[in-house]
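The next block holds one structure in the form of structure tokens; read it before the comments.
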Amino acid sequence: MLRSPGRVRGLLRQLPTFDTCRCISSSQAVSAAFGSTLPSPSKLEAIVNMDKMLQRTPEQIGTLWQEHHAKDQNAAVLGSTEWKAYQARAKACPNFVIPLRKPQGGYLTVVLQQQLPIVIFTTLQEFYSLKDQAPPHLAITHYTELLEDKGIVLAKADAISPHLISVAEARTLMTLMYAFYSDPVSFLHVHNFNHNPAQFSFAELAKELGIGTDTPAL
């Protein structure tokens, strides 16, 4: 169903303040979202041979990780400095909204919830209606097992509902998430959304992503 941008902004205003939503960022919330089955293994050893990985350089590991996920191009490698900065910002600002342009026209507004090492994405409408019971449609899992020895964190995105968020769109959202949480200027949107909602402008955010005010919301 199409909604006007004003309707989207109305839903954003009606959401609970995100200072009071920090309880969503918990292991209990992850369990509630996925039940007993996570979209990806929670341990890196279930995906790769850790003994062999520890014999390789960080650069080699990063290349192998990207090659392993080359089909969907849904993997990322974060250096130690990148990870620590991202982790701190994710803890301080655990929630954000991203308007995702759809190929059939219009855009879908998704809400991301930082529950590190997992980040889950649901739709704004479902988050507004169901809160922590909203079904996840995309999950990004971070693996920190190599951080101490190799100084890197491996990540992968899983499109749980490809009819709603495709594999290609999952890759787009993953890229945007890291961009918003790493670039100081872009992070102002995230900070305002979490801590200064009166200064947060959904219209400005959408404009930066190439979505005009006349683009219908899905």
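Below, all heavy atoms of this structure are taken into account, side chains as well, without hydrogens, waters or symmetry copies. Since the model is a prediction, treat every value here as computed from it, not as a measurement.
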Between F187 and F180, is the ring centroid distance below 6.0 Å? no
If you group Ile, Leu, Val, Met, Phe, Trp and Tyr by side-chain heavy-atom gaps below 4.5 Å, do M177 and V167 land in one group? no
Which atom of N194 lies closest to which atom of C93, heavy atoms considered: ND2-CB, 3.4 Å
So do the side chains of T141 and S42 get within less than 4.5 Å of each other, counting heavy atoms only? no
Can you check whether I118 reaches Q113 side chain to side chain, under 4.5 Å on heavy atoms? no
Could you measure the distance from the CG atom of L112 to the CZ atom of F121? Nearest 0.5 Å is fine. 4.5 Å
For the hydrophobic clusters of this structure (ILVMFWY residues joined by side-chain heavy atoms under 4.5 Å, transitively), does one cluster hold both L188 and F193? no
Tell me if a side-chain donor or acceptor on R56 pairs with a main-chain N or O of I61 at a distance below 3.5 Å. no
Between E82 and G79, is there a donor-acceptor pair closer than 3.5 Å when you use the side chain of the first and the backbone of the second? yes
Nearest 0.5 Å, please: how far is CE in M174 from CG in L138? 8.5 Å
Measure across W65 and A75 and return the closest heavy-atom pair with its distance rounded to 0.1 Å. NE1-CB, 3.4 Å
Nearest 0.5 Å, please: how far is OG1 in T123 from CG in L164? 7.0 Å
Keeping the roles fixed (side chain from T215, backbone from G212), state whether a donor-acceptor pair exists under 3.5 Å. yes
Pair L146-L54, side-chain contact (heavy atoms from CB on, under 4.5 Å): steps then yes or no: CA-CA 8 Å; L146 296 172; L54 289 171; 3.8 Å; yes
Is the side chain of T172 donor-acceptor paired with the backbone N or O of A168 at a distance under 3.5 Å, no angle test? yes
Residues H142 and V119: closest non-hydrogen pair is CE1-CG2, 3.9 Å
Are a donor atom and an acceptor atom from the side chains of H137 and E126 found within less than 3.5 Å of each other? yes
If two hydrophobic side chains count as joined below 4.5 Å and joins carry through other members, does L124 share a cluster with L130? no
Search all heavy atoms of A170 against all heavy atoms of A159 and return the closest pair with its distance. CB-CB, 4.1 Å
Checking T144 now: which residues fulfil side chain to side chain contact (heavy atoms under 4.5 Å, CB included) with it, not counting sequence neighbours? W83, V153
Any non-hydrogen side-chain atom of L173 less than 4.5 Å from a side-chain atom of I98? yes
Considering only heavy atoms from C-beta outward, does the side chain of P41 approach that of Y143 to under 4.5 Å? yes
Closest heavy-atom pair and its distance - V190, N95: CG1-O, 4.3 Å
Distance in Å, I140 CD1 paired with I120 CD1, rounded so as to fall on 0.5 Å steps: 11.5 Å
Please report the closest heavy-atom contact between R171 and D72, naming both atoms and the distance. NH1-O, 2.6 Å
Checking side-chain contact (heavy atoms from CB on, under 4.5 Å) for the pair V111/Y128: CA distance, chi angles, key distance, verdict? CA-CA 10 Å; V111 177; Y128 170 72; over 6 Å; no
So, Y86 versus Q114: side-chain donor-acceptor pair below 3.5 Å or not? yes
Is a donor on one side and an acceptor on the other found under 3.5 Å between the side chain of T122 and the backbone of P136? no
Sequence neighbours excluded, every pair satisfying salt bridge (charged side-chain N to carboxylate O under 4.0 Å, His left out) that has a member inside residues 143-162: K156-D158
Is there a donor-acceptor pair closer than 3.5 Å between any side-chain N or O of Q60 and the backbone N or O of T57? yes
Between Y178 and V110, is there a shared hydrophobic cluster once you connect ILVMFWY residues whose side-chain heavy atoms come closer than 4.5 Å? yes
Mind running side-chain contact (heavy atoms from CB on, under 4.5 Å) on Q66 and T63 for me, showing each step along the way? CA-CA 5 Å; Q66 296 284 10; T63 299; 6.0 Å; no
Would a 4.5 Å heavy-atom cut-off, applied to side chains only, mark P99 and F202 as touching? yes
Going by atom types alone, do E204 and H189 pair a side-chain donor with an acceptor below 3.5 Å? no
Ignoring hydrogens and geometry, is there a side-chain-to-backbone donor-acceptor pair from E169 to S166 under 3.5 Å? yes
State yes or no: do F96 and L100 share one hydrophobic cluster built from I, L, V, M, F, W and Y residues joined by side-chain heavy-atom distances below 4.5 Å, directly or via other members? yes
To the nearest 0.5 Å, tell me how far M50 CE sits from K43 NZ. 10.5 Å
Would L176 and L209 count as a side-chain contact (heavy atoms from CB on, under 4.5 Å) here? Give the steps. CA-CA 10 Å; L176 287 174; L209 296 176; 3.8 Å; yes
CG/L78 to CD1/I152 distance, rounded to the nearest 0.5 angstrom? 10.0 Å
